[in-house]
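Step one of this worksheet: look at the structure below.
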Protein chains: 2
Amino acid sequence: MVCVVSDVATSSSTPSPRSRRAARVTGDERERAILTTAETLLGERSLHEISVDDLARGAGISRPTFYFYFASKEAVLLALIDRMVAEAHERRGDVMERFAQDPRGVLYDATKAVYDTFRHHRAATLAAADARASSTEIRELWERVMDQFVDETTLAIETERARGAAPALLPARDLATALNLMNERVMHAAVARSVPGVAEDDVVRTLVAIWISAIYGANAPA
Amino acid sequence: MVCVVSDVATSSSTPSPRSRRAARVTGDERERAILTTAETLLGERSLHEISVDDLARGAGISRPTFYFYFASKEAVLLALIDRMVAEAHERRGDVMERFAQDPRGVLYDATKAVYDTFRHHRAATLAAADARASSTEIRELWERVMDQFVDETTLAIETERARGAAPALLPARDLATALNLMNERVMHAAVARSVPGVAEDDVVRTLVAIWISAIYGANAPA
DNA sequence: GGCGCTCTCAACACCGTGTCGAGTCACTGT
DNA sequence: ACAGTGACTCGACACGGTGTTGAGAGCGCC
């Protein structure tokens, strides 16, 4: 798996005290044990309710030892999110480039790829949304991801307008921003099963339909 | 000011130890002092970074005395949000009832009313969004508000469809849910001035345009 | 002058974080 | 064989936060 967005949490702002290379075998195992413990516990309760001690115990180490591997529990979550974001990008690929050929199909595939990734990593997704408020690093990672989606969408809209397929009712960037924020919020509500929310299986078709209407207006393609 | 949604935070789940009625004059003043201190401090930093001691000191009382007035700092925020929600409802009124006569105008007024309220209470809005994750009471209050918006929107869409003004491309409730979640997220991003986001003054027109396209499709009114 | 009520706070018990410093252990070069 | 080095480990601590307890102060009212 390639890490497209940032280095793993080990590279987070507070530099961890080591530069492990060719570590003793157990080292990487412990790191992975912390990560999987975090994923498990996040399935049960929020990061806020998980203590560093819980994470350490789950990985079979003491609390101080935890700090050898991660600067904080937020850094653990950051690593988890990073993996997830990389997966979302991989699943989605460069699908937006074929936009003009089959807008509805491309939109559907791209939306579904991202949504499936989030759905598949429910715990990390919900924790990420929570932690955005309190962790600068997590917020910035998320902003970078969203910004990239908005850039791609803006470009697609402008291309469609240039070839006369879509009307210019709003600035392309404003429209792209609002639509992507909608996706984020609706997907989150569905994954969190919160109220009000769209049923998990109706999310993609709902979002795609709104995108098509908003982008093409009266000229909506089949 | 009428409290439309819930009792003030005093009624929060952890019952506070008193039932104040006709209290000594200083009592209500202190309660208000805590509230205004909270509003001020939230303008500078997040609830997470504000301690009960900060709130107490700001109101000129000791920390234990704070607990005489509120069960926790979350309860203070709940009271703040409650006031804000009441204000949003008041500003907005029953505007949705005139929907069919002038969809675009009504939508614009309703969206602007809610948005202006949030914008006016920037600190409480941002704190509310943060705290939704950690406080059940705040989440439930918010869910109730959103649910009411979705109900009203669903009804408006169904009415428009019944009179043949709008096509039924999606279940009305799914559409209403997605549009309201979009509003929430886009307004939040604008108030938080986060990236990516729509410029503060373009929020309302962007949202209204997307609503009109999504609800009316090819039949968009003027 | 004693009662009940609102209101106040010092002192306490508790829990979570992050750090420090003193170790252990495996490997590497000599 | 053995000292050195760097990865790794954890007991003990300092600190900062929360929420509670118990002892009162001030006041109105009979």
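Letters A, B, ... mirror the listed sequences (proteins, then strands); counts begin at 1. Heavy-atom basis, side chains included; hydrogens, waters and symmetry copies ignored.
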Interatomic distance, Glu49(B) CD vs dG16(D) P [rounded to whole Å]: 16 Å

Quick one: Ile61(A) CD1 to dC8(D) C1', roughly how many Å, whole number? 10 Å

Using a 4.0 Å heavy-atom cut-off to protein, can you give one letter per nucleotide of nucleotides 11-22 of chain C, 5' to 3': B if the base is in contact, S if only the sugar-phosphate is, - if neither? B----SBBB---

Spacing between Leu55(B) atom CG and dG17(D) atom C1', to the nearest angstrom: 14 Å

Partners of Glu152(A) by side-chain contact (heavy atoms from CB on, under 4.5 Å), sequence neighbours excluded? Arg92(A), Met96(A), Gln148(A)

Starting at CZ of Phe70(B) and ending at C1' of dT18(D), how long is that distance when rounded to a whole Å? 17 Å

Please set out all donor-acceptor pairs under 3.5 angstrom arising from side-chain atoms of residues 187-206 of chain A, sequence neighbours excluded.
from	atom 1	to	atom 2	distance (Å)
Asp201(A)	OD1	Arg119(A)	NH1	3.3
Thr206(A)	OG1	Asp202(A)	O	2.7

Spacing between Tyr69(B) atom OH and dC9(C) atom C1', to the nearest angstrom: 13 Å

Considering only dT9(D), dT6(C), dC10(D), which nucleotide approaches the side chain of Arg30(A) most closely? dT9(D)

Between dG17(D) atom C1' and Leu47(B) atom CG, what is the distance in whole Å? 13 Å

Measure the distance from CZ on Phe68(B) to P on dG24(D) and round it to the nearest whole Å. 19 Å

The side-chain contact (heavy atoms from CB on, under 4.5 Å) partners of Pro64(A) (sequence neighbours excluded) come to Ser62(A)

For Glu39(B), which residues count as a salt bridge (Lys or Arg N to Asp or Glu O under 4.0 Å) partner, sequence neighbours excluded? Arg83(B)

Holding to salt bridge (Lys or Arg N to Asp or Glu O under 4.0 Å), I want the full list of residues that pass it with Asp151(B), two or more places apart in sequence or in another chain. Arg173(B)

Can a side chain N or O of Thr65(A) be found less than 4.0 Å away from OP1 or OP2 on dT9(D)? no

Does CZ in Arg45(B) sit with more than 12 non-hydrogen atoms of other residues, nucleotides or ligands closer than 6.0 Å? yes

